[in-house]
Visitor: 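Before anything else, here's the structure in question.
What you are looking at is a predicted structure, and each value in this text was computed from that prediction instead of being measured.
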2 protein chains.
Amino acid sequence: MGTTQLESVPEPKYWHLKTVLSEALDSEFSVGEILPNERDLAARFGVARATLRQALEQLELEGRLQRRRGVGTTVAPPRVGVAVGSEQHTWPGAAGDAWQATDCTVAAPPASVAGILETAHGEQVHTVRRSRVTHGQQVAAELLYVPASSVPDLSAIDAPSGAARARAVLRELQRLDLENQDRAVELGSARADDAKELDRLPGAPVLVVTTRFFAEGRTAAVSVATYRADTCRLTFGDSGGVEIHHDPERRAS
Amino acid sequence: MGTTQLESVPEPKYWHLKTVLSEALDSEFSVGEILPNERDLAARFGVARATLRQALEQLELEGRLQRRRGVGTTVAPPRVGVAVGSEQHTWPGAAGDAWQATDCTVAAPPASVAGILETAHGEQVHTVRRSRVTHGQQVAAELLYVPASSVPDLSAIDAPSGAARARAVLRELQRLDLENQDRAVELGSARADDAKELDRLPGAPVLVVTTRFFAEGRTAAVSVATYRADTCRLTFGDSGGVEIHHDPERRAS
DNA sequence: CAGTGGTCTAGACCACGCA
DNA sequence: GCGTGGTCTAGACCACTGC
(Lines give C-alpha, C1' and ligand atoms only; values in the text may rest on other atoms or scores of the structure.)
Protein backbone atom coordinates (compact mmCIF):
# COMPACT_ATOMS: atom_id res chain seq x y z
CA MET A 1 0.00 0.00 0.00
CA GLY A 2 2.82 2.34 0.77
CA THR A 3 4.51 1.23 -2.43
CA THR A 4 4.82 3.88 -5.08
CA GLN A 5 3.84 2.66 -8.51
CA LEU A 6 6.98 3.00 -10.61
CA GLU A 7 6.86 2.70 -14.35
CA SER A 8 3.55 0.93 -14.47
CA VAL A 9 3.11 2.85 -17.70
CA PRO A 10 6.79 3.12 -18.59
CA GLU A 11 7.44 6.60 -19.80
CA PRO A 12 10.06 6.70 -22.56
CA LYS A 13 13.54 7.28 -21.21
CA TYR A 14 14.15 10.34 -23.34
CA TRP A 15 10.94 11.90 -22.10
CA HIS A 16 11.87 11.36 -18.50
CA LEU A 17 15.36 12.63 -19.24
CA LYS A 18 13.93 15.76 -20.77
CA THR A 19 11.92 16.43 -17.61
CA VAL A 20 14.92 15.89 -15.37
CA LEU A 21 17.15 18.10 -17.51
CA SER A 22 14.47 20.76 -17.73
CA GLU A 23 14.24 20.96 -13.97
CA ALA A 24 18.01 21.05 -13.67
CA LEU A 25 18.11 23.94 -16.13
CA ASP A 26 15.64 25.87 -14.01
CA SER A 27 17.42 25.34 -10.74
CA GLU A 28 21.10 24.76 -11.39
CA PHE A 29 22.04 26.64 -14.53
CA SER A 30 21.94 30.22 -15.66
CA VAL A 31 21.55 31.59 -19.17
CA GLY A 32 24.61 31.13 -21.34
CA GLU A 33 26.17 28.47 -19.16
CA ILE A 34 27.75 25.53 -20.97
CA LEU A 35 26.44 22.04 -20.28
CA PRO A 36 28.71 18.99 -20.12
CA ASN A 37 29.21 17.40 -23.51
CA GLU A 38 26.81 14.80 -24.83
CA ARG A 39 29.05 11.81 -24.17
CA ASP A 40 29.55 12.75 -20.55
CA LEU A 41 25.89 13.53 -20.02
CA ALA A 42 24.83 10.24 -21.57
CA ALA A 43 27.25 8.34 -19.33
CA ARG A 44 26.08 10.25 -16.27
CA PHE A 45 22.46 9.29 -16.92
CA GLY A 46 23.32 5.78 -18.01
CA VAL A 47 21.79 6.00 -21.47
CA ALA A 48 23.08 5.81 -25.02
CA ARG A 49 24.13 9.05 -26.60
CA ALA A 50 21.31 8.83 -29.15
CA THR A 51 18.76 8.70 -26.35
CA LEU A 52 20.26 11.69 -24.62
CA ARG A 53 20.27 13.55 -27.91
CA GLN A 54 16.54 12.91 -28.31
CA ALA A 55 15.98 14.73 -25.04
CA LEU A 56 18.31 17.58 -25.98
CA GLU A 57 16.60 17.99 -29.33
CA GLN A 58 13.25 18.48 -27.61
CA LEU A 59 14.69 21.02 -25.23
CA GLU A 60 16.27 22.88 -28.12
CA LEU A 61 12.94 22.84 -29.95
CA GLU A 62 11.35 24.42 -26.91
CA GLY A 63 13.97 27.13 -26.86
CA ARG A 64 15.59 25.99 -23.63
CA LEU A 65 18.95 25.01 -25.12
CA GLN A 66 21.19 26.11 -27.91
CA ARG A 67 23.60 23.67 -29.54
CA ARG A 68 26.48 24.50 -31.82
CA ARG A 69 28.68 22.06 -33.61
CA GLY A 70 32.27 22.40 -32.55
CA VAL A 71 31.32 24.52 -29.55
CA GLY A 72 28.89 22.86 -27.20
CA THR A 73 25.46 23.09 -25.65
CA THR A 74 24.46 26.23 -23.78
CA VAL A 75 21.44 27.36 -21.84
CA ALA A 76 19.36 29.57 -24.11
CA PRO A 77 17.95 32.92 -23.06
CA PRO A 78 14.15 33.24 -22.97
CA ARG A 79 12.62 33.61 -26.41
CA VAL A 80 12.48 37.13 -27.74
CA GLY A 81 9.08 38.53 -28.61
CA VAL A 82 9.06 39.63 -32.24
CA ALA A 83 6.23 41.91 -33.34
CA VAL A 84 4.66 40.66 -36.53
CA GLY A 85 1.25 42.22 -36.71
CA SER A 86 1.56 45.58 -35.03
CA GLU A 87 2.41 47.72 -38.05
CA GLN A 88 -0.96 47.07 -39.60
CA HIS A 89 -1.54 47.85 -43.22
CA THR A 90 1.80 49.23 -44.20
CA TRP A 91 3.93 48.18 -47.11
CA PRO A 92 7.20 46.41 -46.51
CA GLY A 93 9.95 48.98 -46.49
CA ALA A 94 7.80 51.67 -44.88
CA ALA A 95 9.75 54.01 -42.64
CA GLY A 96 10.86 52.34 -39.44
CA ASP A 97 10.06 48.77 -40.20
CA ALA A 98 12.37 46.18 -38.74
CA TRP A 99 13.72 44.81 -42.00
CA GLN A 100 16.80 45.45 -44.05
CA ALA A 101 16.80 44.79 -47.76
CA THR A 102 19.92 42.99 -48.92
CA ASP A 103 19.32 41.86 -52.47
CA CYS A 104 16.91 41.66 -55.34
CA THR A 105 16.77 39.28 -58.26
CA VAL A 106 14.25 38.43 -60.95
CA ALA A 107 13.12 34.83 -60.84
CA ALA A 108 10.15 32.49 -61.07
CA PRO A 109 8.61 32.02 -57.62
CA PRO A 110 7.83 28.60 -56.12
CA ALA A 111 4.52 27.11 -57.23
CA SER A 112 2.77 27.87 -53.95
CA VAL A 113 3.60 31.58 -54.24
CA ALA A 114 2.74 31.70 -57.93
CA GLY A 115 -0.68 30.33 -57.03
CA ILE A 116 -1.30 33.12 -54.56
CA LEU A 117 0.01 35.82 -56.90
CA GLU A 118 -2.03 34.38 -59.73
CA THR A 119 0.89 34.76 -62.07
CA ALA A 120 1.37 32.46 -65.00
CA HIS A 121 3.38 29.31 -64.50
CA GLY A 122 7.05 30.20 -64.83
CA GLU A 123 6.43 33.95 -64.92
CA GLN A 124 9.28 35.81 -63.30
CA VAL A 125 8.79 38.33 -60.52
CA HIS A 126 10.99 40.69 -58.55
CA THR A 127 12.30 38.78 -55.56
CA VAL A 128 13.56 40.96 -52.72
CA ARG A 129 15.63 39.42 -49.97
CA ARG A 130 15.41 41.03 -46.58
CA SER A 131 16.62 40.13 -43.14
CA ARG A 132 15.47 41.10 -39.72
CA VAL A 133 17.70 41.71 -36.74
CA THR A 134 16.48 42.16 -33.17
CA HIS A 135 18.65 42.63 -30.13
CA GLY A 136 21.72 42.06 -32.26
CA GLN A 137 20.37 38.68 -33.34
CA GLN A 138 19.32 37.69 -36.82
CA VAL A 139 15.82 36.35 -36.25
CA ALA A 140 14.26 36.09 -39.67
CA ALA A 141 14.90 35.88 -43.39
CA GLU A 142 12.31 36.99 -45.90
CA LEU A 143 11.63 36.67 -49.58
CA LEU A 144 9.25 39.27 -50.95
CA TYR A 145 7.71 38.47 -54.31
CA VAL A 146 6.59 41.45 -56.38
CA PRO A 147 5.12 40.94 -59.85
CA ALA A 148 6.32 43.38 -62.46
CA SER A 149 2.76 44.60 -62.83
CA SER A 150 2.83 45.94 -59.28
CA VAL A 151 5.79 48.22 -59.97
CA PRO A 152 5.26 49.37 -63.55
CA ASP A 153 7.36 52.52 -63.22
CA LEU A 154 10.43 50.77 -61.87
CA SER A 155 13.27 52.68 -63.40
CA ALA A 156 15.74 50.87 -65.61
CA ILE A 157 18.48 53.21 -64.49
CA ASP A 158 18.63 51.58 -61.08
CA ALA A 159 20.96 48.66 -60.65
CA PRO A 160 19.52 45.44 -62.15
CA SER A 161 20.10 43.58 -58.90
CA GLY A 162 21.52 44.02 -55.41
CA ALA A 163 20.50 46.06 -52.40
CA ALA A 164 19.99 49.26 -54.38
CA ARG A 165 17.57 47.50 -56.70
CA ALA A 166 15.76 46.03 -53.69
CA ARG A 167 15.23 49.50 -52.24
CA ALA A 168 13.99 50.75 -55.60
CA VAL A 169 11.38 48.00 -55.76
CA LEU A 170 10.21 48.77 -52.22
CA ARG A 171 10.05 52.48 -53.04
CA GLU A 172 7.85 51.82 -56.04
CA LEU A 173 5.62 49.60 -53.93
CA GLN A 174 4.86 52.50 -51.59
CA ARG A 175 3.10 54.30 -54.43
CA LEU A 176 0.34 51.72 -54.54
CA ASP A 177 -2.67 52.15 -52.30
CA LEU A 178 -2.47 49.27 -49.84
CA GLU A 179 -5.99 48.07 -49.18
CA ASN A 180 -5.49 45.11 -46.96
CA GLN A 181 -3.22 42.36 -45.81
CA ASP A 182 -3.56 38.80 -44.72
CA ARG A 183 -1.29 36.57 -42.69
CA ALA A 184 -0.72 32.89 -42.02
CA VAL A 185 1.74 31.15 -39.71
CA GLU A 186 2.88 27.58 -40.03
CA LEU A 187 5.74 25.33 -39.05
CA GLY A 188 8.42 24.59 -41.60
CA SER A 189 12.02 23.58 -41.86
CA ALA A 190 14.74 25.91 -43.04
CA ARG A 191 15.95 25.60 -46.60
CA ALA A 192 19.70 25.63 -47.03
CA ASP A 193 19.92 29.34 -47.90
CA ASP A 194 17.68 30.50 -45.07
CA ALA A 195 19.45 28.20 -42.63
CA LYS A 196 22.77 29.76 -43.49
CA GLU A 197 21.42 33.25 -43.00
CA LEU A 198 19.83 32.30 -39.68
CA ASP A 199 23.02 30.57 -38.51
CA ARG A 200 21.27 27.23 -38.18
CA LEU A 201 21.64 23.89 -39.90
CA PRO A 202 19.41 23.09 -42.85
CA GLY A 203 16.15 21.61 -41.69
CA ALA A 204 16.07 23.61 -38.49
CA PRO A 205 12.51 24.33 -37.35
CA VAL A 206 11.21 27.72 -38.44
CA LEU A 207 7.96 29.60 -38.22
CA VAL A 208 6.90 30.58 -41.71
CA VAL A 209 4.82 33.75 -41.92
CA THR A 210 3.13 34.25 -45.26
CA THR A 211 1.69 37.71 -45.84
CA ARG A 212 -0.42 38.78 -48.78
CA PHE A 213 -0.63 42.46 -49.68
CA PHE A 214 -3.75 43.59 -51.48
CA ALA A 215 -3.85 46.68 -53.67
CA GLU A 216 -6.03 47.71 -56.56
CA GLY A 217 -8.30 44.75 -55.99
CA ARG A 218 -5.67 42.07 -56.35
CA THR A 219 -2.67 40.51 -54.63
CA ALA A 220 0.12 42.99 -55.27
CA ALA A 221 2.89 41.23 -53.38
CA VAL A 222 3.55 38.19 -51.22
CA SER A 223 6.06 37.93 -48.42
CA VAL A 224 7.36 34.64 -47.05
CA ALA A 225 9.30 35.23 -43.86
CA THR A 226 10.99 32.44 -41.92
CA TYR A 227 11.65 33.04 -38.22
CA ARG A 228 13.90 30.92 -36.04
CA ALA A 229 11.43 28.81 -34.11
CA ASP A 230 13.89 28.12 -31.31
CA THR A 231 14.54 31.73 -30.39
CA CYS A 232 11.41 33.62 -31.44
CA ARG A 233 7.95 34.17 -30.07
CA LEU A 234 5.81 35.94 -32.66
CA THR A 235 3.58 38.62 -31.18
CA PHE A 236 0.46 39.96 -32.80
CA GLY A 237 -0.10 43.21 -31.02
CA ASP A 238 -3.79 43.96 -31.36
CA SER A 239 -3.42 45.94 -28.20
CA GLY A 240 -1.11 48.50 -29.70
CA GLY A 241 2.32 47.27 -28.77
CA VAL A 242 1.96 46.02 -25.23
CA GLU A 243 4.86 43.68 -24.66
CA ILE A 244 4.50 40.36 -22.88
CA HIS A 245 6.99 39.89 -20.10
CA HIS A 246 7.85 36.26 -19.96
CA ASP A 247 9.39 34.41 -17.04
CA PRO A 248 10.72 37.59 -15.47
CA GLU A 249 12.41 35.62 -12.73
CA ARG A 250 15.05 34.13 -15.01
CA ARG A 251 18.28 36.04 -14.87
CA ALA A 252 20.76 36.83 -17.62
CA SER A 253 24.25 35.41 -17.57
CA MET B 1 33.81 18.67 -68.55
CA GLY B 2 30.68 16.62 -68.98
CA THR B 3 31.09 15.08 -65.57
CA THR B 4 28.43 16.01 -63.09
CA GLN B 5 29.84 17.02 -59.74
CA LEU B 6 28.49 14.51 -57.25
CA GLU B 7 28.69 15.10 -53.54
CA SER B 8 31.53 17.59 -53.66
CA VAL B 9 29.82 19.12 -50.66
CA PRO B 10 28.34 15.90 -49.33
CA GLU B 11 24.77 16.66 -48.42
CA PRO B 12 23.61 14.52 -45.46
CA LYS B 13 21.92 11.36 -46.63
CA TYR B 14 18.71 12.04 -44.76
CA TRP B 15 18.47 15.46 -46.36
CA HIS B 16 18.87 14.06 -49.84
CA LEU B 17 16.41 11.30 -48.98
CA LYS B 18 13.90 13.86 -47.85
CA THR B 19 14.18 15.67 -51.18
CA VAL B 20 13.77 12.47 -53.16
CA LEU B 21 10.79 11.36 -51.09
CA SER B 22 9.24 14.79 -51.29
CA GLU B 23 9.36 14.72 -55.09
CA ALA B 24 7.99 11.20 -55.13
CA LEU B 25 5.10 12.34 -52.94
CA ASP B 26 4.28 15.11 -55.39
CA SER B 27 4.36 12.95 -58.48
CA GLU B 28 3.58 9.37 -57.53
CA PHE B 29 1.30 9.43 -54.53
CA SER B 30 -2.08 10.88 -53.74
CA VAL B 31 -3.45 12.04 -50.41
CA GLY B 32 -4.24 9.22 -48.01
CA GLU B 33 -2.16 6.65 -49.83
CA ILE B 34 -0.07 4.34 -47.65
CA LEU B 35 3.70 4.28 -48.10
CA PRO B 36 5.75 1.10 -47.82
CA ASN B 37 6.84 0.40 -44.27
CA GLU B 38 10.04 1.87 -42.86
CA ARG B 39 12.09 -1.32 -43.09
CA ASP B 40 11.25 -1.79 -46.74
CA LEU B 41 11.85 1.85 -47.59
CA ALA B 42 15.20 1.85 -45.82
CA ALA B 43 16.26 -1.26 -47.70
CA ARG B 44 15.10 0.21 -50.98
CA PHE B 45 17.22 3.33 -50.49
CA GLY B 46 20.14 1.41 -49.03
CA VAL B 47 20.22 3.24 -45.71
CA ALA B 48 19.74 2.31 -42.08
CA ARG B 49 16.24 2.57 -40.74
CA ALA B 50 17.27 5.37 -38.38
CA THR B 51 18.45 7.46 -41.31
CA LEU B 52 15.24 6.92 -43.21
CA ARG B 53 13.30 7.86 -40.11
CA GLN B 54 15.16 11.14 -39.91
CA ALA B 55 13.88 12.00 -43.37
CA LEU B 56 10.33 10.88 -42.55
CA GLU B 57 10.34 12.95 -39.36
CA GLN B 58 11.16 16.08 -41.32
CA LEU B 59 8.44 15.40 -43.85
CA GLU B 60 5.96 14.82 -41.05
CA LEU B 61 7.05 18.10 -39.45
CA GLU B 62 6.32 19.84 -42.73
CA GLY B 63 2.87 18.30 -42.85
CA ARG B 64 3.57 16.09 -45.84
CA LEU B 65 3.22 12.76 -44.05
CA GLN B 66 1.23 11.29 -41.23
CA ARG B 67 2.55 8.34 -39.26
CA ARG B 68 0.63 6.14 -36.86
CA ARG B 69 2.05 3.41 -34.72
CA GLY B 70 0.57 0.08 -35.58
CA VAL B 71 -0.90 1.42 -38.80
CA GLY B 72 1.65 2.90 -41.15
CA THR B 73 2.71 6.07 -42.93
CA THR B 74 0.24 7.90 -45.12
CA VAL B 75 0.36 10.94 -47.36
CA ALA B 76 -1.12 13.87 -45.45
CA PRO B 77 -3.70 16.23 -46.91
CA PRO B 78 -2.68 19.89 -47.26
CA ARG B 79 -2.69 21.77 -43.98
CA VAL B 80 -6.00 23.24 -42.99
CA GLY B 81 -6.16 26.99 -42.50
CA VAL B 82 -7.41 27.73 -39.00
CA ALA B 83 -8.60 31.26 -38.29
CA VAL B 84 -7.08 32.59 -35.10
CA GLY B 85 -7.35 36.33 -35.28
CA SER B 86 -10.51 37.06 -37.23
CA GLU B 87 -13.01 37.29 -34.41
CA GLN B 88 -11.32 40.34 -33.00
CA HIS B 89 -12.06 41.45 -29.51
CA THR B 90 -14.59 38.92 -28.45
CA TRP B 91 -14.52 36.84 -25.33
CA PRO B 92 -13.98 33.11 -25.54
CA GLY B 93 -17.35 31.44 -25.63
CA ALA B 94 -19.00 34.21 -27.64
CA ALA B 95 -21.73 33.01 -29.94
CA GLY B 96 -20.40 31.10 -32.88
CA ASP B 97 -16.81 30.68 -31.87
CA ALA B 98 -15.12 27.49 -32.92
CA TRP B 99 -14.48 26.06 -29.48
CA GLN B 100 -16.30 23.59 -27.31
CA ALA B 101 -15.92 23.70 -23.54
CA THR B 102 -15.41 20.27 -22.03
CA ASP B 103 -14.38 20.76 -18.44
CA CYS B 104 -13.54 23.20 -15.72
CA THR B 105 -11.45 22.79 -12.60
CA VAL B 106 -9.94 25.09 -10.00
CA ALA B 107 -6.18 24.88 -9.86
CA ALA B 108 -2.96 26.85 -9.59
CA PRO B 109 -1.76 27.83 -13.09
CA PRO B 110 1.80 27.24 -14.31
CA ALA B 111 4.29 29.92 -13.28
CA SER B 112 4.41 31.54 -16.72
CA VAL B 113 0.63 32.06 -16.73
CA ALA B 114 0.58 33.23 -13.12
CA GLY B 115 3.13 35.86 -14.10
CA ILE B 116 0.90 37.20 -16.86
CA LEU B 117 -2.21 37.12 -14.72
CA GLU B 118 -0.33 38.78 -11.89
CA THR B 119 -1.89 36.41 -9.41
CA ALA B 120 -0.11 35.44 -6.23
CA HIS B 121 2.14 32.41 -6.33
CA GLY B 122 0.01 29.33 -5.83
CA GLU B 123 -3.27 31.21 -6.16
CA GLN B 124 -5.91 29.03 -7.76
CA VAL B 125 -7.90 30.11 -10.79
CA HIS B 126 -10.75 28.69 -12.82
CA THR B 127 -9.25 26.54 -15.53
CA VAL B 128 -11.53 25.86 -18.46
CA ARG B 129 -10.64 23.14 -20.94
CA ARG B 130 -11.86 23.61 -24.47
CA SER B 131 -11.23 21.84 -27.73
CA ARG B 132 -11.52 22.94 -31.29
CA VAL B 133 -12.69 20.79 -34.16
CA THR B 134 -12.44 21.76 -37.82
CA HIS B 135 -13.48 19.61 -40.75
CA GLY B 136 -14.14 16.74 -38.38
CA GLN B 137 -10.58 16.92 -37.07
CA GLN B 138 -9.48 17.88 -33.61
CA VAL B 139 -6.97 20.64 -34.27
CA ALA B 140 -6.40 22.34 -30.94
CA ALA B 141 -6.68 22.00 -27.18
CA GLU B 142 -6.95 25.03 -24.96
CA LEU B 143 -6.64 25.89 -21.31
CA LEU B 144 -8.32 29.13 -20.35
CA TYR B 145 -7.24 30.60 -17.03
CA VAL B 146 -9.76 32.86 -15.33
CA PRO B 147 -8.99 34.38 -11.93
CA ALA B 148 -11.87 34.33 -9.48
CA SER B 149 -11.77 38.12 -9.44
CA SER B 150 -12.81 38.19 -13.10
CA VAL B 151 -16.03 36.27 -12.44
CA PRO B 152 -17.13 37.51 -9.02
CA ASP B 153 -20.77 36.61 -9.49
CA LEU B 154 -20.16 33.02 -10.47
CA SER B 155 -23.04 31.18 -8.93
CA ALA B 156 -22.36 28.45 -6.43
CA ILE B 157 -25.44 26.61 -7.58
CA ASP B 158 -23.77 25.56 -10.82
CA ALA B 159 -21.83 22.34 -10.79
CA PRO B 160 -18.41 22.68 -9.12
CA SER B 161 -16.69 21.22 -12.17
CA GLY B 162 -17.37 19.73 -15.57
CA ALA B 163 -18.73 21.13 -18.81
CA ALA B 164 -21.65 22.89 -17.17
CA ARG B 165 -19.30 24.73 -14.85
CA ALA B 166 -17.11 25.67 -17.83
CA ARG B 167 -20.05 27.22 -19.61
CA ALA B 168 -21.00 29.11 -16.47
CA VAL B 169 -17.52 30.62 -16.24
CA LEU B 170 -17.62 31.64 -19.90
CA ARG B 171 -21.06 33.16 -19.42
CA GLU B 172 -19.84 35.27 -16.54
CA LEU B 173 -16.86 36.44 -18.58
CA GLN B 174 -19.18 37.91 -21.22
CA ARG B 175 -20.40 40.40 -18.67
CA LEU B 176 -17.03 42.09 -18.50
CA ASP B 177 -16.23 44.85 -20.95
CA LEU B 178 -13.44 43.46 -23.13
CA GLU B 179 -11.06 46.27 -23.90
CA ASN B 180 -8.33 44.55 -25.81
CA GLN B 181 -6.48 41.40 -26.53
CA ASP B 182 -2.97 40.38 -27.32
CA ARG B 183 -1.55 37.30 -28.99
CA ALA B 184 1.71 35.44 -29.29
CA VAL B 185 2.62 32.32 -31.26
CA GLU B 186 5.54 30.06 -30.55
CA LEU B 187 6.68 26.52 -31.13
CA GLY B 188 6.26 24.00 -28.34
CA SER B 189 5.93 20.31 -27.75
CA ALA B 190 2.72 18.69 -26.63
CA ARG B 191 2.35 17.77 -22.99
CA ALA B 192 0.99 14.31 -22.32
CA ASP B 193 -2.61 15.47 -21.79
CA ASP B 194 -2.72 17.71 -24.85
CA ALA B 195 -1.05 15.04 -26.95
CA LYS B 196 -3.73 12.55 -26.03
CA GLU B 197 -6.49 14.97 -26.93
CA LEU B 198 -4.82 15.83 -30.24
CA ASP B 199 -4.27 12.14 -31.04
CA ARG B 200 -0.50 12.56 -31.15
CA LEU B 201 2.38 11.23 -29.11
CA PRO B 202 3.73 13.31 -26.23
CA GLY B 203 6.33 15.76 -27.47
CA ALA B 204 4.69 16.22 -30.86
CA PRO B 205 5.33 19.71 -32.27
CA VAL B 206 2.56 22.18 -31.59
CA LEU B 207 1.96 25.86 -32.20
CA VAL B 208 1.20 27.50 -28.88
CA VAL B 209 -1.04 30.54 -29.11
CA THR B 210 -1.12 32.60 -25.93
CA THR B 211 -3.89 35.18 -25.75
CA ARG B 212 -4.32 37.79 -23.07
CA PHE B 213 -7.73 39.34 -22.53
CA PHE B 214 -7.81 42.81 -21.05
CA ALA B 215 -10.81 44.17 -19.18
CA GLU B 216 -11.20 46.83 -16.56
CA GLY B 217 -7.61 47.87 -16.97
CA ARG B 218 -6.03 44.53 -16.21
CA THR B 219 -5.52 41.03 -17.58
CA ALA B 220 -8.87 39.36 -17.00
CA ALA B 221 -8.06 35.98 -18.52
CA VAL B 222 -5.33 34.11 -20.35
CA SER B 223 -5.78 31.43 -22.94
CA VAL B 224 -3.09 28.95 -23.91
CA ALA B 225 -4.12 27.05 -27.02
CA THR B 226 -1.99 24.32 -28.58
CA TYR B 227 -2.55 23.59 -32.26
CA ARG B 228 -1.22 20.56 -34.10
CA ALA B 229 1.73 21.95 -36.00
CA ASP B 230 1.70 19.16 -38.54
CA THR B 231 -1.85 19.71 -39.74
CA CYS B 232 -2.57 23.39 -39.09
CA ARG B 233 -1.78 26.70 -40.71
CA LEU B 234 -2.85 29.53 -38.44
CA THR B 235 -4.46 32.41 -40.29
CA PHE B 236 -4.73 35.94 -38.99
CA GLY B 237 -7.44 37.43 -41.08
CA ASP B 238 -6.85 41.17 -41.03
CA SER B 239 -8.64 41.27 -44.32
CA GLY B 240 -11.96 40.18 -42.91
CA GLY B 241 -11.97 36.46 -43.46
CA VAL B 242 -10.46 36.04 -46.89
CA GLU B 243 -9.32 32.46 -47.05
CA ILE B 244 -6.02 31.41 -48.54
CA HIS B 245 -6.38 28.64 -51.07
CA HIS B 246 -3.32 26.53 -50.89
CA ASP B 247 -2.06 24.11 -53.48
CA PRO B 248 -5.48 23.78 -55.07
CA GLU B 249 -4.17 21.24 -57.56
CA ARG B 250 -3.71 18.50 -54.98
CA ARG B 251 -6.62 16.11 -54.91
CA ALA B 252 -8.24 14.30 -52.01
CA SER B 253 -8.07 10.54 -51.76
C1' DC C 1 -1.08 -12.92 -33.84
C1' DA C 2 1.39 -10.39 -37.45
C1' DG C 3 2.84 -5.99 -38.90
C1' DT C 4 3.51 -1.26 -38.00
C1' DG C 5 5.96 2.69 -36.09
C1' DG C 6 8.45 4.10 -31.49
C1' DT C 7 12.38 3.49 -28.46
C1' DC C 8 17.03 2.19 -27.40
C1' DT C 9 21.82 0.56 -27.79
C1' DA C 10 26.93 0.74 -28.70
C1' DG C 11 29.50 1.62 -31.52
C1' DA C 12 31.85 4.50 -35.89
C1' DC C 13 33.13 8.38 -38.60
C1' DC C 14 32.54 13.26 -40.14
C1' DA C 15 32.30 18.55 -40.03
C1' DC C 16 33.17 22.34 -37.56
C1' DG C 17 35.22 25.91 -34.11
C1' DC C 18 38.89 27.09 -31.66
C1' DA C 19 43.40 27.31 -29.52
C1' DG D 1 44.97 18.70 -33.19
C1' DC D 2 41.48 18.26 -30.07
C1' DG D 3 36.85 18.46 -28.50
C1' DT D 4 32.33 19.48 -29.83
C1' DG D 5 27.91 18.30 -31.89
C1' DG D 6 26.03 15.99 -36.44
C1' DT D 7 25.42 11.81 -39.16
C1' DC D 8 25.07 6.94 -39.78
C1' DT D 9 24.89 1.92 -38.93
C1' DA D 10 22.87 -2.73 -37.70
C1' DG D 11 20.93 -4.54 -34.82
C1' DA D 12 17.17 -5.35 -30.59
C1' DC D 13 12.92 -4.96 -28.16
C1' DC D 14 8.49 -2.54 -27.10
C1' DA D 15 3.63 -0.61 -27.82
C1' DC D 16 -0.02 -0.25 -30.55
C1' DT D 17 -3.52 -1.53 -34.34
C1' DG D 18 -6.23 -4.44 -36.73
C1' DC D 19 -7.32 -8.88 -38.28
Visitor: Who pairs with Arg191(A) by side chain to side chain contact (heavy atoms under 4.5 Å, CB included), at least two apart in sequence or on another chain?
Guide: Arg129(A), Leu143(A), Asp193(A), Asp194(A)

Visitor: Which residues satisfy the side chain to side chain contact (heavy atoms under 4.5 Å, CB included) test with Val133(A), sequence neighbours excluded?
Guide: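 Result, side chain to side chain contact (heavy atoms under 4.5 Å, CB included) vs Val133(A): Gln138(A).
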
Visitor: My understanding is that only residues two or more places apart in sequence, or in another chain, count here; which of them pass side chain to side chain contact (heavy atoms under 4.5 Å, CB included) with Thr211(B)?
Guide: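 Residues passing side chain to side chain contact (heavy atoms under 4.5 Å, CB included) with Thr211(B): Gln181(B), Arg183(B), Val209(B), Phe213(B), Ser223(B).
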
Visitor: Mind calculating the distance between CZ (Arg68(B)) and C1' (dC16(D)) to the nearest angstrom?
Guide: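 Answer to the nearest Å: 12 Å.
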
Visitor: Measure from CD on Gln66(B) to P on dG6(C) and round the result to the nearest Å.
Guide: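 Spelled out: CD on Gln66(B) to P on dG6(C) is 12 Å.
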
Visitor: Would you call Glu11(B) and Lys18(B) a salt bridge, using N to O less than 4.0 angstrom?
Guide: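 No, Glu11(B) and Lys18(B) are not salt-bridged.
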
Visitor: Counting only side-chain N and O atoms of Asn37(B), is one of them less than 4.0 Å from OP1 or OP2 of dT4(C)?
Guide: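 Yes, within the criterion.
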
Visitor: Looking only at N and O atoms, is any donor in the side chain of Arg39(B) or the base of dG5(C) less than 3.5 Å from an acceptor on the other one?
Guide: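 For Arg39(B), whose side chain was compared with the base of dG5(C), there is a donor-acceptor pair (under 3.5 Å).
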
Visitor: Provide a list of protein-nucleic acid N or O atom pairs under 3.5 angstrom, restricted to nucleotides 7-10 of chain D.
Guide:
unit_1	atom_1	unit_2	atom_2	d
dT7(D)	OP1	Tyr14(B)	OH	2.9
dC8(D)	OP1	Lys13(B)	N	2.2
dC8(D)	OP2	Tyr14(B)	N	3.2
dT9(D)	OP1	Lys13(B)	NZ	2.9
dT9(D)	OP2	Ala48(B)	N	2.8
dT9(D)	OP2	Thr51(B)	OG1	2.4

Visitor: Under the side chain to side chain contact (heavy atoms under 4.5 Å, CB included) test, which residues partner Val106(B), sequence neighbours left out?
Guide: Gln124(B), His126(B)

Visitor: Expressed in angstrom and rounded to an integer, what is the separation of Arg200(A) atom CZ from dG17(C) atom P?
Guide: 12 Å

Visitor: Closer to the 5' end of DNA chain D via nearest nucleotide, is it Gly70(A) or Arg67(A)?
Guide: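 Per heavy-atom nearest nucleotide, the more 5' residue is Gly70(A).
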
Visitor: Which atom pairs, one a donor and one an acceptor, fall under 3.5 Å between side chains of residues 47-56 of chain B and the rest of the protein, sequence neighbours left out?
Guide:
unit_1	atom_1	unit_2	atom_2	d
Arg49(B)	NE	Glu38(B)	OE1	3.0
Arg49(B)	NH2	Glu38(B)	OE1	3.1
Arg53(B)	NH1	Glu38(B)	OE1	3.2
Arg53(B)	NH1	Glu38(B)	OE2	3.1

Visitor: Would you tell me if any nitrogen or oxygen in the side chain of Thr73(A) comes within less than 4.0 Å of OP1 or OP2 on dT4(D)?
Guide: no

